[in-house]
There are 2 protein chains.
Amino acid sequence: MANRYVTIKDIARTLNISVATVSRALRDTYDVSDNTRKLVLAAAEKMNYRPNFNATGLVKRTTHKIAVIIPSITNYYFSTVITGIQSFAASNGYQVILYLTNDSPEWEARTVKELSLSSIDGVLACVTSNTNNFEHFQELIDAGLPVILFDRLVQSLKTSTVMQDDYNGACIATEHLIANGYHRIAHITGPAKLSLTEIRLKGFLDTLKRFNLNSHGVQHSGFSKEDGENDLNAIWCDTNPPDAIFAVNDRKAVGAIIGLQKKGIEIGRQVGVVGFTNDPISEIIKPALTTVAEPAFEIGKTACQLLIKHIEKPSTANQQIVLPSELIVRKSTTRNL
Amino acid sequence: MANRYVTIKDIARTLNISVATVSRALRDTYDVSDNTRKLVLAAAEKMNYRPNFNATGLVKRTTHKIAVIIPSITNYYFSTVITGIQSFAASNGYQVILYLTNDSPEWEARTVKELSLSSIDGVLACVTSNTNNFEHFQELIDAGLPVILFDRLVQSLKTSTVMQDDYNGACIATEHLIANGYHRIAHITGPAKLSLTEIRLKGFLDTLKRFNLNSHGVQHSGFSKEDGENDLNAIWCDTNPPDAIFAVNDRKAVGAIIGLQKKGIEIGRQVGVVGFTNDPISEIIKPALTTVAEPAFEIGKTACQLLIKHIEKPSTANQQIVLPSELIVRKSTTRNL
DNA sequence: AATAGTAGCGAGAACGTTCTCGAAAACCAA
DNA sequence: TTGGTTTTCGAGAACGTTCTCGCTACTATT
């Protein structure tokens, strides 16, 4: 545009030295004298010099930018993951470019296809909940770009992943219900085929089997509060209703609680409810929601750390990291309030 | 790194034409024949060519990147604003670089100072709640970079702003309380000196005066749920307690409700509570929270739109946009439940 | 047929930085 | 002194684009 910024050449001209020397001084390389280094730094400071990342990126073939591709950020889990990512990225000199897919496979595919490979160093992604075509991500990987998936994994993509412990989380949630005397347990969950759905479902079913119990119904749908309420109504039957609901996330659990309360059912005493995430809302809703806490911030931080490792040491092998989930017991699974 | 991507030169070589022609064909300029244009586009597609934004940015002095600097994203308002920003930016070919300040003035100052002016085209910012030194932003503006503030404005910075209607929002909230028979109204709010705090406080006090009422206490602190509960306890006195609480945001309102319930007070019938934001939690808490809805998505979208206008037409004058707030009445201000 | 105009393309500079190479200057040991 | 090493620096190419200029060949006009 109209204004041009101070460049390395301007510094060189005012100091009457070469651009190469200025460049060296600014980058703290060894072969420049203390004296000229000080002169250069002082001039840069005074002239308010800022490096041009387009130029450095062009010659170094590196941009110090990472792309984060994620369905949305208006929920606790994703916004916390991003906070973890941004925090680690910033303190390591990387910038975060944010892409939202609105959980739409078409948006996701377009976003990935339009990604300028040369303007990012790596990708951190959480796929949409209803894709089964991942070739756009495969193209990125084929092009040699480090890609790390979190929260939702994709079997067909050979790449590093960072996940919460979905299986164990589902197990301890189910065990907790059983231990508290709930034996007719239903599960309301996300879209089938989504890794997180499948794994939590398996943890749920395996645990039931371990205690010689049968599932009291499994309902698949989306992840919203409204989906939770609908799912509850779908699995409910007045003759033989479940006595506990295990929800795939806290928003659906909240929906289930709302649905149950509309039916005049007392949460905890009559029907236990367990969520997953540890969204702040689980503390506020009455009764407070028992839930499996995911280490969202840590997942973001770890994923970013791993990505930067892959970027700076491209030979690093793919790695699958699983971070522990933890049960947080509250009133929604207490029989006597 | 190890892998180099397909460049315009590669296309030129395989097609046996010059790089200039390839560049023209890809950019759809007029002086290239239909035939070669088709050849180039086909080759680009087949070779999986992606433009190098470092190179284009270097010559065009534009990056199609905007920086968003914001205290945090783990709350409804900010995450929704960013969704609005990202949505508009993406559909206009701009990328969003996310910077979080954790509401720390030091982090903010460092972030802004380290911003490479040449690697972004503009800035969208919401300042921290406790800064009074804004010279780092002034430097950006002085350097000619378009800067737009939202949510929190700074008198001393002469730049465009996009805001919700804080004044009117506070007025209608207070009027609503008065109309419903609450006359001993206290206000729990954010840090003093913050624009949003001051403006909402003024709306509150002006409205009281208009009805010949006195404030029943004003408490300043942070924006969290815990701050809300603390503020409530600070203004509470058993001999002459307030009969309504107007909170600067929904999280503090929720904190106040929790505090009131701990005292055994019935929300609505005994003490009315009004929040600000329309956080999803206001629908879920019992009783549901009356609140002033802010058009968060619209604020983000409008701010981004205005920024892009400033970027693409630098002569555009500064503009102050205020988007309407709207009262949403729920149970927390209903006298008979 | 001569001239002017235009469509299509190539050569080469430029953007701001880093990198490689080599040369000058300074120092040191013998 | 000599020769060698080190320190410090400059010249110029390179990164992948766009842009300006100018050239050729074709078409249109007179």
Taking only side-chain N and O atoms of [X], does any of them lie within less than 4.0 angstrom of OP1 or OP2 on [N]?
X	N	answer
A:Y5	C:dT17	no
B:T7	D:dC15	no
B:R24	C:dG10	no

Within this structure, what is the [atom1]-to-[atom2] distance between [X] and [N], rounded to whole angstrom?
X	N	atom1	atom2	value
B:R37	C:dA7	CZ	P	13 Å
B:K60	D:dT20	NZ	P	11 Å
A:D31	D:dG10	CG	P	11 Å
B:K9	C:dG10	NZ	P	15 Å
A:R61	D:dG16	CZ	C1'	9 Å
A:D10	C:dT17	CG	C1'	13 Å
B:R50	D:dC15	CZ	C1'	20 Å
A:L58	C:dA14	CG	P	17 Å

Closest to the [X] side chain, choosing from [options]:
X	options	result
B:T21	C:dG10, D:dC9, D:dT17	C:dG10
A:I8	C:dT18, D:dA11, C:dC9	C:dT18
A:V59	D:dC9, C:dC9, C:dT17	C:dT17

Please tell me whether B:Q164 and B:Y77 have a donor and an acceptor in their side chains that are separated by less than 3.5 angstrom.
yes
Tell me yes or no: between the side chains of B:D103 and B:T128, is some donor less than 3.5 Å from an acceptor?
no
Looking for any heavy atom pair under 4.0 Å, which part of the strands does [X] touch: base, sugar-phosphate only, or nothing?
X	value
B:T56	sugar-phosphate
B:S23	base
B:R27	sugar-phosphate
B:N52	sugar-phosphate

Which residue lies toward the 5' end of DNA chain C, B:D34 or A:N54, if each is placed at its nearest nucleotide?
B:D34
Do B:I70 and B:L100 touch side chain to side chain, with heavy atoms closer than 4.5 Å?
yes
Measure up the A:F78 and A:F150 rings against each other and bin them: parallel (under 30°), tilted (30 to 60°), perpendicular (over 60°).
perpendicular
Would the number of heavy atoms belonging to other residues, nucleotides or ligands and lying under 6.0 Å from NZ of B:K65 be above 12?
yes
